[in-house]
Amino acid sequence: MNLRNFKLLFLTFAMISLVAACQNKQREKEDFIKGNVKFATAQTDIMLQVVGEPTGNNYPRTMKRNGELAVTSMYDWTPGFFPGSLWYLYELTGETKWRDMAEKWTTSLEPLKTFTGHHDLGFMMYCSYGNAERLDPKPEYKEILIESANSLSSRFSEKTQTIKSWNYRKNWNDTTEWFYPVIIDNMMNLEMLFYASKVSGDKKYYDIAVKHSESTLKNHFRKDFSTYHVVDYDTITGNVLDQATCQGFSDNSTWSRGQAWAIYGFTMVYRETKDPKFLDAAIKATEMYLKNLPEDMVPLWDFNAGEAGYAAEGKSYAVEFPGKELRDASAAAIVCSALFELSGYANKPEYLDYAIKMLYSLASPAYRAPLGENAGFLLMHSVGSIPHKSEIDKPLVYADYYFLEALIRYRNMNSQNNTLYQD
Ligand code: GLY
């Protein structure tokens with residue numbers, strides 16, 4: 001064989017190997033998604049049998065100590081996630097059974113459109129009605145979402161340039177009163193405001209969302225782009241009065257889910273505004289988060305719990321709780337989903353690799369529940385709030401919601417692949 005023929009043969013062989021490797025990778029990905037969808041639908045079927053019809057008081061949230069499903073009323077902050085997960089199962093399978101179930105659970109939340117008791121209306125209505133509008137639009141959904149955006153906007157103050165998250169409360173020491181507490185989580189509620197401006201043509205919701213994001217950028221980040229959970233504002237001057245925690249270990253520590261909300265929130269605000277300062281914030285918050293991850297990519301519930309220089313205080317259960325090492329799968333799921341999106345905006349190809357690693361880690365037996373266990377939830381090992389002695393090392397409905405969203409983003413990656421995964 002002469003040299004030219006040898007080179008040709010070698011190139012052909014290399015090409016064939018490359019194509020085969022790509023096909024194997026694609027097959028592995030398809031199998032991974034298919035397996036997870038099969039599990040998620042079977043597990044959710046089990047939950048639906050237990051939970052029955054929506055009553056206004058039975059939105060799945062977590063698991064009791066005895067292994068039973070724990071539910072909340074619609075006025076808690078999480079009722080939108082279960083309908084949202086049902087919409088995602090419809091998006092993954094195309095089966096009308098999931099659409100009908102999602103519609104039923106979504107429309108049960110309509111009374112919330114006038115709710116103004118706290119800031120979480122975005123989570124409550126956009127995860128439910130927002131997905132409904134995206135996947136099976138109906139004229140009344142738009143109206144309900146615009147009315148919900150109005151209700152949320154009623155908590156905005158021109159003085160503080162933010163939406164008030166919670167009403168009056170005190171810190172863990174009872175030494176500081178918060179009259180205008182804003183939490184980093186609030187970034188997530190803004191997506192509904194951007195939507196409302198687009199469909200109503202009224203820019204006021206957009207303006208509120210941007211002002212809130214700018215204030216958060218200024219007051220919620222430390223120099224290293226870790227986040228404070230709570231910032232309290234003076235309602236008369238608009239000045240910052242306190243930077244503290246409510247669900248993290250200490251005021252100066254970084255609560256990992258708070259950091260996750262910041263990463264997801266600023267990624268979403270960049271998508272809606274294209275303002276590079278928000279992209280920069282999302283990237284810097286991500287860099288800080290990635291630096292603090294253990295090998296399996298699921299963070300500790302707080303990056304600094306138990307470290308020298310960090311002290312839980314007052315009535316917080318974190319004072320006596322020894323579990324520094326507990327993980328929060330919900331934070332991992334939120335960041336996993338966010339990085340699938342952020343990798344498309346940032347010049348950081350490694351973010352996509354991280355997102356895929358996070359997804360595989362969450363889907364491994366270390367975090368994904370065995371079928372029929374975990375009160376019908378998909379993921380184990382999340383933390384609601386250690387300071388409140390609540391939902392410690394438990395499943396959480398929002399962990400499952402962002403896990404399914406990440407699965408969809410993985411499926412759709414690169415290819416606009418909308419393969420439906422049915423049995
Ligand atoms: N938004 C409340 C939480 O993340 O626990």
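Treat the numbers as computed from the prediction; the structure is a model and nothing was measured. All ligand and atom numbering here is 1-based and tracks the order in the structure.
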Ring center gap for Tyr141 and Tyr129 short of 6.0 angstrom: yes
Quick note on ligand 1: atoms under 4.0 Å from a heavy atom of Asp185 include exactly 1 (N), 2 (C), 3 (C), 4 (O)
Report task. May I ask you to decide if the ring planes of Trp166 and His119 are parallel, tilted or perpendicular, using 30° and 60° as cut-offs? Result -> perpendicular
By side chain to side chain donor-acceptor pair (under 3.5 Å), Tyr270 pairs with (sequence neighbours left out) none
So for ligand 1, is Asp120 a polar contact partner (N or O within less than 3.5 Å, distance only)? no
Between Trp261 and ligand 1, is there a nitrogen or oxygen pair with a distance under 3.5 Å? yes
(Q) Checking side-chain polar atoms at under 3.5 Å, does Ser108 have a donor or acceptor matched by the opposite partner on Tyr59? (A) yes
For Trp255 and ligand 1, does the shortest N/O to N/O distance drop below 3.5 Å? no
Review point. Is there a side-chain contact between Trp261 and Trp255 (heavy atoms, below 4.5 Å)?
Key: yes
Atom 5 (O) of ligand 1 sits nearest the protein heavy atom Arg257 NH2, 2.6 Å
